[in-house]
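Just so it is clear: chains get the letters A, B, ... in the order the sequence lines come, proteins before strands, and each one is counted from 1.
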Amino acid sequence: MKVKSIFLSLAFLLTSSAALHAQNVADLVISEVLAEPDSTCIVDDFGKRTGWIEILNTSQGIVNMGGCYLTDDKNDLKKSLIPKTDNRVQIGPRQVALFFATGNGNQGAFYSSFKIRRGSTIYLVSNDGRTIVDSIVVPENLPVGMSVSKLAEDNKQMEFVTVPEPMTPSPRVLNGNQNVESNAQRMARQDPHGWILSATSVAVVFIALAILWFLFWLLFERVANAKAKKEKAMKEAAQQPVAAATSPADAETAAAIALALDMDQSGDTYAAIALGLHLYFSESAHDLESNVLTLKPMDHHEWSSKSSVLTQSPR
Amino acid sequence: MDQIISSLVQFWQYTGFANVAWQNIAMIIIGIAFISVAIIKDWEPLLLIPIGFGMIVGNIPMFPGMNIGIYENGSVLNILYQGVRQGWYPPLIFLGIGAMTDFSALISQPRLILIGAAAQMGIFGAYLLALLAGFAPNEAGAIGIIGGADGPTAIFLSSKLAPDLMGAIAVSAYSYMALVPVIQRPIMLLLTSKKERLIRMPAPRQVSQKEKIIFPIVGFLTTAFLVPSGLPLLGMLFFGNLLKESGVTRRLAETARGPLVDVVTILIGLTVGASTQADKFLTGKSILIFGLGLLSFIIATTVGVCFVKFFNLFLKQGRKINPLIGNAGVSAVPDSARVSEVVGREFDRNNHLLMHAMGPNVAGVIGSAVAAGILLSFLS
C-alpha cells in the first residue's frame, strides 16, 4: 500500500511537471521594445502612437501567454496581466505578439498598464506571478523612434542576445535575417559528395549497435556462458565412474549405491538413487550423511499447494 | 432537348473517360500488376494489395476541384493521407512490429547485432549515389533509406525529408522488399564459397524471460539517447516489444500486433498507393528512385555478407558465422532470414540458419530506425 502510494505520488509529480513544461512559457522572449515613437511608427487600435513590447515564441509549438504578466518594476511582478480569456494570446511557433504600452491595460488584451520609460527594465513574468521568464533593459540613450532588440546568435535561432545598437523598429516581424540555411542546404554546401555524412552515420549506427552488443554481452551472455561452463563441469563430474571417485564424499556415495543395490534391486530403488544423485551433483537439495543419501524436505511444493489441490469455486 | 444534351455533356465532362490521360492508364496497369503479383506469387500480399488498389483509386481520372482527390485539402482520402504525410502511421506500425518480434535470437548471440549495422551501408551507399545523380541532400537521404528495406521507416523519413518523393520511395521500398528472394540469392551465392556455405553455427542458447524484458528497456535507452531523432520509431518498437515480453499486458500486445497493425497497414497501404497519382508519380525522378532503390538493396546485401566473412577472420573455429546470414542484416523481417534458411539448406539439408539469421534481421530493424534518426537530424 505504501509502495503504491509512493508510485502514485511520483506519477502525479511527473505528470504535473510535464504539464508545467508543456505550457512552454519559458520559450517566450521579449524580442523588441520601443520606448518613444516618432511619426513613422505604427499606431495602436485607437490611432495613437505609443511604445510597445514585442514577444517572440521561440519554440516549435503553440504557447499560451494567458495568465503571464508584463512589468517594469521588479518589486511588482504582477503589474500588467495578460488575460487568459482572449484566444489571441496563444502565439504560434516562431511567431510574435505585440503589446502596446499605453498605460491603460483595460484597452484590450494587447495593452499594458504601464508606459515604457528609458532606463527601465521590462520583465515578462510567468503565470505563477513569481518566475521571470525574460527581461530587456531599455537604454537611457535610446533615440526616439528607435527600438532595442534581441537577435538569435546561433544557427538554430534559439539563443537570443540584446543588440547593443538601437535599431529601426520592426513590429510584428521576426528580427534579423530569417532566411536561415536549412540543414540540407548546409550539408549540400559543406559535404557536396556526402562522404562526411555517410562516414559519420555509419560510425554512429555501428556505435549504437556495438554498445547494445557490449551491454548484452556484459549483462547476459557472459553470465550465461559462466553458468553453462559450470553446468558442463558438473555434468562431466557426474559422468565419471563411481569407482574412480577420490573425494570422501564421492567414496561415500559410491558405497551407499553399492549397499542399496546389494539389498534391493527393484526399480523404485534405482529411481530413488538416480534422483538422489541428480540432486547431489546439481547441488540442489541434499544434506551429507555417511553412507546415506537423503532428500531435504521442501517447505513448499506443488503437491501440497492449496492452489493446485483445490478446485476453483463455481461462479 | 437542348437542356438534356447540355446536361449530358456536362455529366460527360465529369466522368473519368473525359479526363483520362495515358499516364492514368499506365498507373492503373501497374496497380493491377501489383495485385496480380501479390495474389499469384504471394509476394507481400498484405502490402501489395492495398498499395496496388490504392494506385487504382488514386489514378481514377477526375475533374479537379470536386474535393475528392488525395491531394485536395479536406477530402476523405486527404484526411486519411495525413497519417502518411505527417508520419503518424509508421510509428504505429513499429508498435505492432515490436509486439510481434521475438528478439531472443539477437539476445542469445549479441555479436550478430553488428551484421545488422553493416547492412545499413545500403542506405548510405544509395545516399552517395543519389547525390551523384543530382538529388538534393534531403532527397538523397529519403531515397537512401530504401536500402534499410523497411517500408514504415522509408515512409516516415521521406514524409519528413522529401514529401514529394514519398510515393515513389514507398512503392520502391515495398516492391523490393517483396523481391528480396530474387535480389539477394544470386549475390549471396556469388560472394560465398561452398565451404563457407556449409559452416554450422552452434545452437543459440535459451534466453530467459528476464533478459527478454530487460532488452527493450536497455535497447531503447541506448539507441534513443544516442539518436533522439529516431524516437518515434525506436520508442514504439521497443514499447511494443515490452508489451509482448512483460507477460502482464497480453491484451495490449495482442491489440498492437493484431487489430491495430492491421488497421494501420490497410490505411498506409491504400493511401501510399493512392498518392501515386500519375502527374506526380510518372516522372524521370521516380525511375531514378527505382534504380537507386535496387542498388541500395544490392549494396546492403553485399556489405552484409562481406562483413560476416571479415568478422570470421577474427573468430575461432567452431564460433564462425555462416556468411549466408549476412543478407539478413536488411530489416525485411522475416523474408531475408528466410532467404538465408532456404539458400543454406540448398547446400546442407540439415543446416538450419533461420534462427541465426533472425538475429541480424531484427538488428536490422533497430539499425534502420537508428539510421533514419541520424539522417533526420542531419538533413531535416
Side-chain angles (χ1 to χ4, degrees), chain A residues 4 7 18 21 59-62 93-94 154-158 180-233 235, chain B residues 106-121 123-125 127-132 136-141 144 161-162 205-208 210-211 214-215 218-219 221-227 230 234 303 363-364 366-371 373-380:
Chain A
K4 203 173 180 181
F7 267 108
H21 184 68
S59 77
Q60 297 298 327
I62 296 171
R94 312 294 296 182
D154 59 330
N155 286 336
K156 299 270 181 192
Q157 299 262 308
M158 295 302 287
V180 182
E181 194 179 40
S182 71
N183 281 347
Q185 287 167 332
R186 201 179 71 247
M187 288 310 296
R189 183 169 51 80
Q190 293 176 344
D191 183 23
H193 303 296
W195 291 108
I196 297 170
L197 183 140
S198 298
T200 316
S201 305
V202 168
V204 174
V205 172
F206 262 95
I207 288 169
L209 295 187
I211 291 172
L212 260 185
W213 171 28
F214 177 71
L215 283 176
F216 274 85
W217 173 79
L218 198 70
L219 286 173
F220 301 121
E221 204 185 15
R222 212 165 58 112
V223 177
N225 285 346
K227 201 176 164 188
K229 268 186 188 170
K230 198 176 168 186
E231 277 173 5
K232 196 180 167 191
K235 214 173 174 182
Chain B
L106 187 64
I107 300 168
S108 63
Q109 302 180 81
R111 61 191 179 139
L112 301 182
I113 288 179
L114 292 183
I115 304 172
Q120 305 313 314
M121 277 298 288
I123 295 175
F124 302 106
Y127 170 75
L128 294 173
L129 291 172
L131 283 179
L132 260 180
N138 54 321
E139 293 176 329
L161 293 183
R205 69 177 174 84
Q206 206 172 0
V207 173
S208 71
K210 192 170 81 179
E211 289 172 81
I214 293 173
F215 178 78
V218 173
L221 288 174
T222 311
T223 51
F225 265 86
L226 205 58
V227 193
L234 293 165
V303 176
I366 301 170
S368 61
V370 171
I374 297 167
L375 287 171
L376 201 58
S377 59
F378 272 118
L379 301 172
S380 69

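- Contact annotation: the side chain of A:Phe206 approaches that of B:Leu114 to within less than 4.5 Å [non-hydrogen atoms, C-beta and beyond].
- Of the atoms belonging to B:Phe225, not a single heavy atom falls under 4.5 Å from chain A.
- Only the side chain of B:Leu131 comes within less than 4.5 Å of a heavy atom of chain A; its backbone N, CA, C and O stay farther away.
- Taking CG of A:Leu209 as the reference point, atom CD1 of B:Ile115 lies at 11.5 Å (rounded to 0.5 Å).
- In terms of non-hydrogen atom pairs under 4.5 Å with chain A, the most contact-rich of B:Arg111, B:Gln120, B:Glu139 is B:Arg111.
- Of the two parts of B:Leu106, neither the backbone nor the side chain holds a non-hydrogen atom closer than 4.5 Å to a non-hydrogen atom of chain A.
- With chain A as partner, the option from B:Leu375, B:Ile366, B:Leu132, B:Val218 having the largest number of non-hydrogen pairs under 4.5 angstrom is B:Val218.
- The contact between A:Leu215 and chain B is made entirely by side chain atoms (from C-beta outward), counting heavy-atom distances below 4.5 Å.
- Interface residue B:Ala118: backbone and side-chain heavy atoms are both found under 4.5 Å from chain A.
- Using a 4.5 Å cut-off between heavy atoms, B:Ala371 contacts chain A through both its backbone and its side chain.
- Proximity to chain A (any heavy atom under 4.5 Å) is shown, for B:Val207, by neither the backbone nor the side chain.
- For chain A, the nearby part of B:Leu226 is the side chain; its heavy atoms alone come within less than 4.5 Å.
- Heavy atoms only, all atoms of each residue included: A:His193 and B:Leu128 are closest at O-CD2, 3.1 Å.
- Interface summary for chain B: among A:Asp191, A:Val204, A:Ile211, A:Thr200, the most heavy-atom pairs under 4.5 angstrom belong to A:Val204.
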Begin with the C-alpha distance, continue with both residues' side-chain angles, and end with the deciding distance and a verdict on side-chain contact (heavy atoms from CB on, under 4.5 Å) for A:Leu197 and A:Met187.
CA-CA 8 Å; A:Leu197 183 140; A:Met187 288 310 296; 3.7 Å; yes
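- Of all heavy-atom pairs between B:Ala369 and B:Leu234, the closest is CB-CD2, 3.7 Å.
- Residue contact with chain A, scored on non-hydrogen atoms closer than 4.5 Å, involves the backbone and the side chain of B:Glu211 alike.
- Here the side chain of B:Asn138 pairs a donor or acceptor atom with the backbone of B:Leu161 at under 3.5 angstrom.
- We find the OG1-CD1 distance between B:Thr222 and A:Ile207 to be 13.0 Å, quoted to the nearest 0.5 Å.
- Contact annotation for B:Arg205: only side-chain heavy atoms (C-beta onward) come within less than 4.5 Å of a heavy atom of chain A.
- Of the atoms belonging to B:Tyr127, it is side-chain heavy atoms, and not backbone ones, that fall under 4.5 Å from chain A.
- Highest contact tally toward chain A, considering only B:Ala117, B:Gly141, B:Ala140, B:Gly144, is held by B:Ala117 [criterion: heavy-atom pairs under 4.5 Å].
- For A:Ala188 against B:Pro137, the heavy-atom pair with the smallest separation is CB-CG, 3.5 Å.
- Interatomic distance, CD of A:Gln185 versus CG of B:Leu379, reported as 11.5 Å (0.5 Å rounding).
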Under the side-chain contact (heavy atoms from CB on, under 4.5 Å) rule, what do B:Gln206 and B:Ser108 come out as? Steps first, then yes or no, please.
CA-CA 7 Å; B:Gln206 206 172 0; B:Ser108 63; over 6 Å; no
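- Contact check for A:Val205 versus B:Ile123: no side-chain heavy atoms found under the 4.5 Å cut-off.
- Heavy-atom distances place no part of B:Ser208 under 4.5 Å from chain A, backbone and side chain included.
- Residue contact with chain A, scored on non-hydrogen atoms closer than 4.5 Å, involves the side chain of B:Ile374 exclusively.
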